[in-house]
Amino acid sequence: MNRKNGYVDKFPELMAELEKLVLPTAPTEAEFSAAKLGRLKIGLIREFIGEGVEKEIKQNTLDFAAKLRALGHTVEEVDLPMTKYALPVYYIVTPAELSSNLARYDGVRYGLRAPNAKTLTEVYGQSRDQGFVAENKRRIMIGAFVLSSGYFDAYYLQAQKARTLLIREFDKLFETYDFLIGPVAPTPAFRLGENTTDHLKMYMTDVVSVPASLAGLPAISLPNGETSDGLPIGVQIIGQQKDDARLLALAKECEK
């Protein structure tokens with residue numbers, strides 16, 4: 001909030017209220033204490049530990065569920081069938097939004113301006129070519145494709161419908177369960193530079209992390225041991241909307 005314009009001095013109470021609305025704040029220690037967890041009912045998403053998930057990842061996730069039971073919480077396996085569509089939905093919706101949002105970076109209004117461009121067309125083309133890395137360009141191209149007039153209904157619109165169904169499945173689970181858990185990825189962390197050229201393999205590792213993002217839900221990842229090769233494994237806890245404080249409180253309890 002810019003305090004140099006004099007409005008803070010003239011209207012301190014109003015500006016204080018505005019800051020509460022627009023400035024992000026993390027839950028305080030008092031809010032952690034207020035977010036009394038009690039005995040929780042937690043769902044372990046069955047699809048997150050199913051086909052395609054490495055054995056050590058699955059076992060460590062089951063061990064984490066056992067840890068939660070030892071803390072006094074109830075953990076049950078639950079179904080989230082739309083998970084199998086989450087990855088293709090994500091890689092239609094996200095590139096579409098990215099392509100639209102990054103259109104502003106044209107070398108005129110925002111972003112890098114190519115120093116050697118002579119014409120407006122060259123400014124646009126060279127600035128975007130020099131200013132975006134390969135992954136940016138890849139997603140812009142995919143996004144432009146799925147938003148084009150011939151494919152909007154077939155891809156983007158259908159993806160948004162599938163996203164709505166995923167959100168409804170989450171909502172249904174949260175009628176019964178306080179939190180949901182699962183691994184962060186179906187594999188352990190990659191070694192440095194291991195899959196930088198295999199973009200499809202990199203995308204596939206998002207399969208269990210994108211559902212929460214598509215549904216607009218808060219989620220947190222925690223360390224959950226290592227593989228026999230010493231590679232780190234993560235586990236995620238997914239909470240309901242606006243339940244961030246309790247989510248962080250549960251994560252803190254698990255890390256003790």
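A quick note: this is a predicted structure, and the numbers were derived from the prediction, not measured. Values reported hereafter were calculated over all heavy atoms of this structure, with side chains retained and with hydrogens, waters and symmetry mates removed.
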If you look at every heavy atom in [X] and [Y], which pair is closest and at what distance?
X: L80; Y: E47; answer: N-OE1, 2.9 Å
X: T61; Y: P183; answer: OG1-CB, 3.6 Å
X: P211; Y: F170; answer: O-CE1, 3.6 Å
X: S99; Y: A144; answer: OG-N, 3.5 Å
X: I42; Y: H73; answer: CD1-CB, 4.1 Å
X: V89; Y: A162; answer: CG2-CB, 3.6 Å

Inset, instruction - Without swapping roles, check the side chain of R139 against the backbone of P95 for a donor-acceptor pair under 3.5 Å. - result: no
Is there a path of hydrophobic side-chain contacts, each under 4.5 Å between heavy atoms, that joins [X] and [Y]?
X: L250; Y: L44; answer: yes
X: F64; Y: V53; answer: no
X: I237; Y: I233; answer: no
X: Y90; Y: V184; answer: no
X: V210; Y: L165; answer: yes

Do the side chains of [Y] and [X] get nearer than 4.5 Å, heavy atoms only?
X: L222; Y: E255; result: yes
X: Q236; Y: V208; result: yes
X: Q158; Y: P88; result: no
X: I57; Y: P186; result: no
X: I238; Y: I181; result: no
X: Q130; Y: L112; result: yes

Inset, instruction - Say whether N101 and E97, considering side chains only, have a donor N or O and an acceptor N or O under 3.5 Å apart. - result: no
Distance from [X] atom [atom1] to [Y] atom [atom2], nearest 0.5 Å?
X: K67; Y: E253; atom1: NZ; atom2: CD; result: 9.0 Å
X: N116; Y: K118; atom1: CG; atom2: NZ; result: 6.5 Å
X: L217; Y: L180; atom1: CG; atom2: CG; result: 8.0 Å
X: I142; Y: T94; atom1: CD1; atom2: OG1; result: 10.5 Å
X: L214; Y: I167; atom1: CG; atom2: CD1; result: 8.0 Å
X: K55; Y: T227; atom1: NZ; atom2: OG1; result: 15.0 Å

Over 12 foreign heavy atoms within 6.0 Å of [atom1], [X]:
X: K137; atom1: NZ; value: yes
X: Y85; atom1: OH; value: no
X: R69; atom1: CZ; value: yes

Between [Y] and [X], is the closest basic N to carboxylate O distance under 4.0 Å?
X: R246; Y: D243; value: yes
X: D178; Y: K41; value: no
X: K172; Y: E169; value: no

Legend entry - Criterion salt bridge (Lys or Arg N to Asp or Glu O under 4.0 Å) on E54 and K58, from CA distance to verdict: CA-CA 6 Å; E54 293 189 9; K58 178 178 179 179; over 6 Å; no
Inset, instruction - Test side chain to side chain contact (heavy atoms under 4.5 Å, CB included) on R163 and V93 and set out the steps. - result: CA-CA 9 Å; R163 182 185 190 180; V93 172; 3.8 Å; yes
Inset, instruction - Check the pair L40, T74 against side chain to side chain contact (heavy atoms under 4.5 Å, CB included), reporting the backbone distance first and the verdict last. - result: CA-CA 6 Å; L40 301 173; T74 300; over 6 Å; no
Legend entry - Check against side chain to side chain contact (heavy atoms under 4.5 Å, CB included), C254 and L68: CA-CA 8 Å; C254 292; L68 289 171; 3.5 Å; yes
Inset, instruction - Kindly give the cluster partners of I140, where membership spreads through any ILVMFWY side chain lying under 4.5 Å from a current member. - result: L98, L102, Y105, Y110, F132
Inset, instruction - Please test R113 against V108 for side chain to side chain contact (heavy atoms under 4.5 Å, CB included), starting from the C-alpha separation and ending with a verdict. - result: CA-CA 7 Å; R113 175 174 292 192; V108 177; 4.1 Å; yes
Inset, instruction - Could you please spell out the steps behind the side-chain hydrogen bond (donor to acceptor under 3.5 Å, both in side chains) verdict for E56 and N60? - result: CA-CA 6 Å; E56 286 184 285; N60 278 41; over 6 Å; no
Inset, instruction - Assert yes or no for the condition that the ring centre distance of F174 to F179 is strictly below 6.0 Å. - result: no
Inset, instruction - Verify ring-ring contact (aromatic ring centres under 6.0 Å, His included) between Y156 and Y151, making sure each step is shown before the conclusion. - result: CA-CA 8 Å; Y156 185 74; Y151 299 97; over 10 Å; no
